Structure formats: C-alpha cells, structure tokens
Amino acid sequence: MASLALTSAVNLRLRPNPSQKPRISITQSLQFTQTSLKTTNLGKSLNLGGKRLNLEKSRRVIVKTSASASASSPAIVPQQQPPWQGAAMKPLIASIATGVILWFIPAPAGVTKNAWQLLAIFLATIVGIITQPLPLGAVALMGLGACVLTKTLTFAAAFSAFGDPIPWLIALAFFFARGFIKTGLGNRIAYQFVKLFGSSSLGLGYSLVFSEALLAPAIPSVSARAGGIFLPLVKSLCVACGSNAGDGTEHKLGSWLMLTCFQTSVISSSMFLTAMAANPLSANLTLSTINQTIGWMDWAKAAIVPGLVSLIVVPLLLYIIYPPTVKSSPDAPRLAKERLEKMGPMSKNEIIMAGTLLLTVGLWVFGGALKVDAVTAAILGLSVLLVTGVVTWKECLGEAVAWDTLTWFAALIAMASYLNKYGLISWFSETVVKVVGGLGLSWQLSFGILVLLYFYSHYFFASGAAHIGAMFTAFLSVASALGTPPYLGALVLSFLSNLMGGITHYGIGSAPVFYGANYVPLAKWWGYGFVCSVVNLIIWLGVGGIWWKAIGLW
C-alpha cells in the first residue's frame, strides 16, 4: 500500500520543499512505524526518469503519503472490559449496613452480648439472602465467616449444622432427581400423569397435591417426600410440558406447579401426626405441659376439615394470582400416550431406578420399626445408584444447586440454633408472654395475638423442630393461663408449627427442595408465601374453629 501511495505522490509531482522539515502527527507516526522498513528500502532504490531520489526526499514523501493512507484507515476499537463478576454492591452494602447498625445498638436487658451480636449477623445474612448480592451459598458462608471472625461463634459451632441430617437429606434428594430424569423414569411417570390428568394444568396440579397428601401419613419426613418423590416427578412434568428453569419458559407450568406443590406440602404435613418429623415433639411437649395426650386419630380428626379446605383453596388461589401461561391442553393426553408408546418397555436403568426408589420409600415408611432414619435410607439408595452406574459421582458433583442449598441451609440452621442456645428466643418468648398477658383481653383475642407472634416469628428459624423446642411450651403455658382451652391451644400450635414453614425458602424441609429447582424468584417465593400464610390462618382458625367447636374441642 505504501508503494502505491508513493507512486501516486510522484506522478502528481508532490515534491516537498527541501528546507521544510516534515511534521509528523501521532496518527502519522503510527502509520510510519508500520511501513518504514519497506518504504525506506523502496526510497533508496526507486529511480524515476533517470534521477534517483535521495533518502531524505523519499522519507518526506513517505510521511506525506502515510498521512493520506492513515486518514482512510479504520479507527482502532478499544477492547471491551469484561463484565463485573463480583458482588452486586448496593445489596451487599444494605446487608452489611443492617448488621453493623444492629451490632452497635445496645442489647436489651436480659439479652447477652453474644446473642445480640449473633442476631445482627443473622439478620444481615437474611437481608443478603433476600437481596442476593452473591449466590445464596456464598452469602451464608460469609455470614458464618463473620461469626467466626468476631468470635461470636467458634469454628466448630458455626459449621456444626453440616453434621445435621436434614441439609444432607435435601442434597441427596437432588441426586435422586438426577437419576430419575437421566434414566427416563421421570418422563415415563410424568407422561402417565399427563395421560390421566393433563388436559388442564389445574387438574394436573390437583392430582399431585392429593397424591402427596395420601403419602404424607406414611412418610414422616417432608424433606424425603418432597425431594425423593415429588421434586423429580414435578421437574419431569415441567420438562415434558416444555417448561424449563432458566430459559424463559418457567411460567408455562413450572413456576405455578413448584410453588403449589411446596405450599400444599406444609398443609399435608400439618394434617397427620406422622406427616412431619417434628410433630411427635409437639405431642410430647403437650403431654409434659398440660398432661394430655394427642393421639394419631385425635390429630387427624381435628385437622382433616381445615386441611382439605386448604388443599383445595391454596392451589386455586395460586392459579389465579400466579397463573401458568399454559392453562389447558386438550391434546396433551393423546400426545402423552404417543410418547409412552415410543418409549417402549422400561430400560434396565429405569428398572434399577424404580427398584431403588421403592426400597428407599419402603425404608422411609417402615424406618421407625427398623431403626433406619430417613437420611440413612437415602444414602443407601444413592449407593445403589452409584454402584450400578445409574448415577455417577461426577454427576453428583455437578449438581451445583444441591451443594449450594446444603451450604446456605446448614449455615442458617447453625445460626438459628445458637440464637436459641444463647437465650435470645427464650427472652423473646418471655417478653411476649408478659406483654400479651398484661393486656387484659379475652382468651380468644389473647390467643389470636399469641398465634400471630408464634407463626411469624418463624422468619428467624430454619427448622420447625427448633421453633417448637424453643417456643411451644412457653406459648402453650401462657395461652392456657389466659383462659384458652389447653387441648385446643396445643392442637392449634401443633398445626401452625407446620403451616408457618411456607413463609420462607428455608423454614421447612421441603422449602429448599422446591425453591432450589429455580423456577420461582426469591421475592415472589416470599411474597406468595406470605399471601398463602394469611389464607391458611383464615381457613384454619375460621373454618377450623367452627369444626373444632362442632367436635367439642371448645
């Protein structure tokens, strides 16, 4: 290009003044450096009309011609900076500010310094989990780090909940779901459901809701029911209907179905004494507090009417306020039948997966008699899948959601349990008791206030058992002292100890399971959780109150 420019300059008789020094701009100097070697040699050897151009002249011509060439060259495009992959700063600042402000507020009388500081870190972590400056596991790990750094908790105490069986049971549930979907067994069962109930999304939802309720009294772990059985099935149904997490199709079916199955899992857990692991604890505390026994039939009889009403109303409510975009599909049963025919008979891996699932569920049902707990049964089932190659360990390691959920759920359990051990929860219970007892209200109004405080204080708990152990006895004692029929008070608090798990994504064992599927944003999860909690309270205290009056509980 330089030689062409030079030839053009000579032909046009562009002869610079020998006395005039060339002026080189920055742009020209860039062009000059690119062409200097070739053009200098060319200037030395070029001969035009028998006259050799001297080196000085050739250099001057090159400078002029390079300037004209650079004028037409494209501008240099600066490299784009890579996107920021760190924390979102505003949510991070909000989270830290919450903890710092509470940290420096003087602790109330009766609250130890350690308890108050742990509360500050716990609330800062909760704000971080809500606003998500980083993934949930990272936020929770930073909370534990703050506990250890400030000497609020020892390292062993901060990470103690990683030895708790519930977070591990939830993680194992995700590994089961991987095998369920990988083998095709999940699709097979999903197509069977669609074939029978799939002409409408609402019908499909109700079929899952009542299936889970039928299994509830036989499987005493809501985490096992949700994670080991219904999460894989619901995910398969969503995928079969073209609703996937993360690709913009969540609202086709998955968002509504996940939220519905979760909210109804807390209802079914409240309907039977054996439907949730912490329910027998409520019965034991009732016996020690008021010396009355809650039997299996007593519990079921009192809960059956409000429970059935909730199971009918809540899915319909969510269908109205958080509807799936695909509401009816008349051709779905026919298409599902065709898919089943194409799938043919069950494969070897499907048979192994089905057998392992039956073995695990059997141990969950009869584990009490066999002295095999839920997490041990799940580990045994996963071991079978690993040995047979149905699921590989590499696939388990690749389940990022499982490990993330394990991290943040264990972190919250640890902080919440030490809030109780440090005496903060007992101080809160005693303060509430004194305030409500001094209002001089009727037992109905006093009990209503106690119920609301007991229910919504669950925002500070990551375990129903921890909440029951910390507050059940104190609230039942005060309710009885204020005139509430003791047996009625015990039953209501027992039912609410399950229903309150629906307000957050960490309040009960099934919450991290369904939330971890990533179909529902956190803000909507909490928002609709609060709405459902209000509806459940109205049903259980309103319809339930009428039913309990009819059967003579008050």
Side-chain angles (χ1 to χ4, degrees), residues 84-168 170-171 403-432 456-467 469-471 504-507 511-512 522 526:
W84 173 252
Q85 294 184 345
M89 298 312 296
K90 287 182 179 179
L92 182 63
I93 292 170
S95 176
I96 294 173
T98 300
V100 169
I101 291 170
L102 192 60
W103 183 281
F104 288 105
I105 293 175
V111 178
T112 64
K113 181 181 178 182
N114 262 8
W116 191 251
Q117 291 177 345
L118 181 57
L119 177 64
I121 297 172
F122 179 75
L123 289 179
T125 305
I126 293 297
V127 171
I129 283 176
I130 295 171
T131 58
Q132 294 188 41
L134 288 166
L136 301 189
V139 172
L141 197 61
M142 289 170 65
L144 291 182
C147 291
V148 177
L149 181 66
T150 58
K151 310 297 183 185
T152 305
L153 293 176
T154 65
F155 182 88
F159 289 85
S160 59
F162 284 88
D164 189 287
I166 297 300
W168 285 102
I170 292 167
W403 300 109
D404 188 58
T405 303
L406 170 67
T407 302
W408 66 257
F409 195 51
L412 291 184
I413 289 176
M415 285 190 270
S417 66
Y418 272 87
L419 283 174
N420 186 29
K421 289 179 183 179
Y422 283 169
L424 184 75
I425 303 302
S426 59
W427 168 82
F428 174 74
S429 300
E430 291 167 4
T431 303
V432 167
Y456 288 108
S457 63
H458 195 62
Y459 282 109
F460 297 98
F461 290 89
S463 163
H467 193 156
M471 301 180 70
T504 67
H505 64 299
Y506 54 81
L522 187 61
W526 279 49

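Please read these numbers as outputs of a predicted model, since none were measured by experiment.
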Between G137 and T407, which heavy-atom pair has the shortest distance, and what is it? O-CG2, 3.7 Å
Partners passing side chain to side chain donor-acceptor pair (under 3.5 Å) against Y459 (at least two apart in sequence or in another chain): none
Measure across Y506 and A511 and return the closest heavy-atom pair with its distance rounded to 0.1 Å. N-CB, 3.9 Å
Quick one: which residue pairs count as a ring pair (Phe, Tyr, Trp, His ring centres under 6.0 Å) with a foot in residues 124-159, not counting sequence neighbours? F155-F159, F159-F162
I'd like a table of donor-acceptor pairs (distance under 3.5 Å, sequence neighbours excluded) in which one partner is a side-chain atom from residues 88-101, with atom names and distances.
residue : atom : partner : partner atom : Å
S95     : OG   : A124    : O            : 2.6
T98     : OG1  : A94     : O            : 2.8

When you compare the side chain of P512 with that of H505, does any pair of heavy atoms fall below 4.5 Å? no
Taking every heavy atom of A414 against every heavy atom of A161, the minimum-distance pair comes out as N-CB, 3.6 Å
All ring pair (Phe, Tyr, Trp, His ring centres under 6.0 Å) counterparts of H467, not counting sequence neighbours: Y454, H458, F461
Give a yes or no on this: more than 12 heavy atoms of other residues, nucleotides or ligands lie within 6.0 Å of atom CZ of F460. no
Please walk me through it: do S160 and Y418 pass side-chain contact (heavy atoms from CB on, under 4.5 Å)? CA-CA 10 Å; S160 59; Y418 272 87; 3.9 Å; yes
Nearest non-hydrogen partners of L118 and L419, listed with the distance: CD2-N, 3.6 Å
Partner set under side chain to side chain donor-acceptor pair (under 3.5 Å) for W403, not counting sequence neighbours: none
Can you tell me how far the OG1 atom of T405 sits from the CG atom of L136, to the nearest 0.5 Å? 7.5 Å
Could you pull out the closest heavy-atom pair between P167 and I413, with the gap in Å? CG-CD1, 3.8 Å
State, to 0.1 Å, how close M142 and L134 come at their nearest heavy-atom pair, and which atoms those are. SD-CD1, 3.5 Å
Measure the CG-CE distance between L144 and M415 for me, rounded to the nearest 0.5 Å. 5.0 Å
Measuring only between side-chain heavy atoms, which start at C-beta, is I126 closer than 4.5 Å to L412? yes
Across all chains, not counting sequence neighbours, the side-chain contact (heavy atoms from CB on, under 4.5 Å) partners of A115 are V111, T112, Y422, L424
Quick note, side-chain hydrogen bond (donor to acceptor under 3.5 Å, both in side chains) partners involving residues 143-154, not counting sequence neighbours, are T150-T152
Check each of V127, T125, L119 against L123 using the side chain to side chain contact (heavy atoms under 4.5 Å, CB included) test, and report the only one that passes. L119
Residue pairs passing the ring pair (Phe, Tyr, Trp, His ring centres under 6.0 Å) test where at least one lies in residues 108-140, sequence neighbours excluded: none
W103 and I121: side-chain contact (heavy atoms from CB on, under 4.5 Å), yes or no, with the steps? CA-CA 8 Å; W103 183 281; I121 297 172; 4.0 Å; yes
